[in-house]
Amino acid sequence: MGSSWPSRERKALMLDPKRIREDADGVKAGARKKRIPVETLVDRFLELDEKRRALGFERDEQKAKQNRAGKDMARLQGEEREKLRKAMAEVSARAKSLENELSAIETEIQVLLLRIPNVPDPEVPEGETDRDNVEILRVGEPRKFDFQPKDHIQLGESLDLVDFPRAAKLAGSRTYILKNEGALLELAVLHYTLDAVVKKGFTPMIVPTLVRREPLVGTAYFPGGEEQAYTCEKDELFLVGTSEVPVTAFHSDEILDEAELPKLYAGYSTCYRREAGAAGKDTKGLYRIHQFNKVEQVVICRGDEAESRRMHQFILSNAEAILQGLQLPYRVVNVCGGDLGAPQIQKFDIETWMPSRGGYGETHSASRFYDYQARRLNLRYRDSNGKVRFCHTLNNTAIASPRILIAILENYQQADGSVTIPEVLRPYLGGRSEIRRKK
RNA sequence: GGAGAGGUGGCUGAGUGGCCGAAAGCGCCGCAUUGCUAAUGCGGUGUAUGGGCAAAACCUGUACCUCGGGUUCGAAUCCCGACCUCUCCGCCA
């Protein structure tokens, strides 16, 4: 696939090649922590990297010879000229064959680099799956019901907020239709969230959800995540699973000024996920669905670890503030190595209390990448010394709906089957305070 | 969908085979000058990668004029292909 990758992708790196060269063991150990096997990839890279430099040196020498001769050719006449021409024909052929050899090696190196994962932070706990994630914070008390609480499906259907059977008729599994206050509630919670992050300084952006391949490679969803994305083959376009993709890629191939950093963007978009490989998991209701809407915080900041950590805390606290505003109980977990994606340095998930699960369900995910995505996106800035450096990127959910509606409906339900509307959402619903079955 | 035009540095825009990493202007930086501002003069001002080197500075090789391929001793310049952008017409939320 992809007969016409632009040069940006060709050059796309992931980890700094220098770093792999100098700390191959560290890179391997990092991948091991993520349970991603890369030993042979790294070794192969080191081997090719060595070769590349040797060949490159020789190639440059031939080229230099060529360039010097070119200047003489312009002056010389007759026999002398002819003699030089013949000599240069050989040099030229030599340079060309080196060039071919080299470009084969470079192509292979690129493929390898795209597959070597980012090295996780030492703070990332060891572990295999999400069960090994470490809770670091718990906020709010799960509500104790003095009646038999319903789950969001029962609530949604009895209040006529959702329609699953007809959604299945139209669009198959893992789909839903929101109607009445269900539709309004979704818009309200998205709008409330967007307003909240804009107040924190984020620039709201409504972005394309159907994108080219490059932003997906740049944000490191590809290669590897192809199965998770809906594809429009005729147009070679892909539906994004999150606005992180178009928003983080927004400044790709640019050199920003340090003074304009950090860039804070709030991407709003519909998100599409095939949920391949999740067969049989969370098949009912609004939890795991193919299409949803999300407000996403995206940060592009200086290539500085301390700054990146600060920003990580910042976006995490913004998401927490949104849940606190909704008065939903949640906890924050430090995601373990095995549950971490290839590009991430560290990830905190926020899980919101969902009574029907009898536990917390993931609703937010805050990641930092250092320069991993920025390298792939060729996203740079000029620092105060005039030096060009790669940015760092981060992102975090602000709200994703309708998943969050599960928590709202279930936590706010009343004994009589009605649902109280969270106070912060009421201004977005014409001041209404409850959802009640119509006669 | 039909018909055209075009892709050059931060921007505008020259350049039709070698002396072109690329004129000129704008912008930006430095210096000079001027009560301030403005104006003017001079100089500088891309990125990547390799070498000199322990490193910064600096020097230096190579590559890059959308991308890929071809012709040629030599390509921004000629040929082929792809991608992208724009204009007009049609259709359309």
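Reminder, nothing fancy here: chain letters follow the sequence lines and each chain counts from 1.
Screening residues 398-412 of chain A for salt bridge (charged side-chain N to carboxylate O under 4.0 Å, His left out) gives no qualifying pairs among residues at least two apart or on separate chains.
Considering only side-chain atoms of A/Arg53, the nucleotide from B/G50, B/U62, B/C19 that sits closest is B/G50.
Proximity of A/Arg212 to the phosphate of B/C84: a side-chain N or O atom is located under 4.0 Å from OP1 or OP2. The phosphate of B/A48 has neither OP1 nor OP2 within less than 4.0 Å of any side-chain N or O from A/Asn378. For the OP1/OP2 pair of B/G70 and a distance below 4.0 Å, the side-chain nitrogens and oxygens of A/Lys96 include at least one atom meeting the criterion.
For A/Arg274, the side chain to side chain contact (heavy atoms under 4.5 Å, CB included) criterion is met by A/Glu227, A/Tyr230, A/Ala276, not counting sequence neighbours. By the side chain to side chain contact (heavy atoms under 4.5 Å, CB included) test, A/Pro165 pairs with A/Glu157, A/Asp163, sequence neighbours left out. When the side chain to side chain contact (heavy atoms under 4.5 Å, CB included) test is applied to A/Ile255, the partners found at least two apart in sequence or on another chain are A/Arg380, A/Arg382, A/Val388. Every side chain to side chain donor-acceptor pair (under 3.5 Å) that A/Arg59 has, sequence neighbours left out, goes to A/Glu99. Taking A/Glu296 as the reference, A/Lys294 meet the side chain to side chain donor-acceptor pair (under 3.5 Å) condition, with sequence neighbours excluded. A/His251 is linked by a side chain to side chain contact (heavy atoms under 4.5 Å, CB included) to A/Glu254, A/Leu256, A/Lys263, A/Tyr265, A/Ile300, A/Leu379, counting only residues two or more places apart in sequence or in another chain. With sequence neighbours excluded, the residues satisfying side chain to side chain donor-acceptor pair (under 3.5 Å) with A/Glu58 are A/Arg94.
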Under 3.5 Å donor-acceptor pairs involving side-chain atoms of residues 187-206 of chain A, not counting sequence neighbours:
| residue | atom | partner | partner atom | Å |
| --- | --- | --- | --- | --- |
| A/Tyr192 | OH | A/Ile322 | O | 2.9 |
| A/Thr193 | OG1 | A/Val189 | O | 2.7 |
| A/Asp195 | OD2 | A/Tyr428 | OH | 2.6 |

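Counting non-hydrogen atoms under 4.0 angstrom, A/Ala64 reaches the backbone sugars and phosphates but no base.
Rounded to whole Å, the distance from CD on A/Gln62 to C1' on B/A63 is 16 Å. Taking atom CG of A/Asn67 as the reference point, atom C1' of B/C19 lies 13 Å away to the nearest angstrom. If you measure from atom CG of A/Leu237 to atom C1' of B/C84, you get 13 Å, rounded to the nearest angstrom. Note: CD (A/Glu80) to C1' (B/C73) measures 15 Å, nearest angstrom. As a whole-Å value, the separation of A/Glu214 CD from B/A82 C1' is 13 Å.
Under the 4.0 Å criterion applied to side-chain N and carboxylate O atoms, A/Asp121 and A/Arg309 are assigned as salt-bridge partners. The pair A/Lys83-A/Glu80 does not meet the salt-bridge criterion, since no charged nitrogen lies less than 4.0 angstrom from a carboxylate oxygen. For A/Arg302 and A/Asp383, the salt-bridge test fails: no basic side-chain N is under 4.0 Å from an acidic carboxylate O.
As rounded to the nearest Å, B/C67 and B/C84 have P atoms that lie 15 Å from one another. When the C1' atom is used for both B/U60 and B/G21, the distance is 16 Å, rounded to whole Å. Distance noted for atom C1' between B/A39 and B/U34: 9 Å (whole Å). B/G81 and B/G9: their C1' atoms are spaced 27 Å apart (whole Å). Nucleotides B/G70 and B/G2, compared at atom P, are 31 Å apart to the nearest Å. The same atom, P, is picked in B/C64 and in B/A75; the two are 9 Å apart, to the nearest Å. Straight-line distance between the C1' atoms of B/C89 and B/G17: roughly 40 Å, to the nearest whole Å. Remark: the separation of the P atoms in B/G46 and B/C11 is 14 Å, to the nearest Å.
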Every protein N/O within reach of nucleotides 74-76 of chain B N/O, cut-off under 3.5 Å:
| residue | atom | partner | partner atom | Å |
| --- | --- | --- | --- | --- |
| B/G74 | OP1 | A/Ser92 | OG | 2.8 |

Can you pull every protein N or O that's under 3.5 Å from an N or O on nucleotides 43-47 of chain B?
| residue | atom | partner | partner atom | Å |
| --- | --- | --- | --- | --- |
| B/U47 | OP1 | A/Arg382 | NH1 | 3.0 |
| B/U47 | O3' | A/Arg380 | NH1 | 3.1 |

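Residue order along RNA chain B, read from the 5' end via each residue's closest nucleotide, puts A/Ala69 first among A/Phe57 and A/Ala69.
Judged by atom type and distance alone, A/Arg81 reaches the base of B/G18 through a side-chain donor-acceptor pair under 3.5 Å.
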Worksheet, complete the sentence: Read 5' to 3' with Watson-Crick or G-U pairs under 3.5 Å, [ ] for crossing pairs and | for partners on another strand, RNA chain B gives ((((((((.[[[..)..(.....]]]((((((.......))))))(((((((.....))))))).[[[[[..)....]]]]])))))))....
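Side chain of A/Arg174 to backbone of A/Arg288: a donor-acceptor contact under 3.5 angstrom is found.
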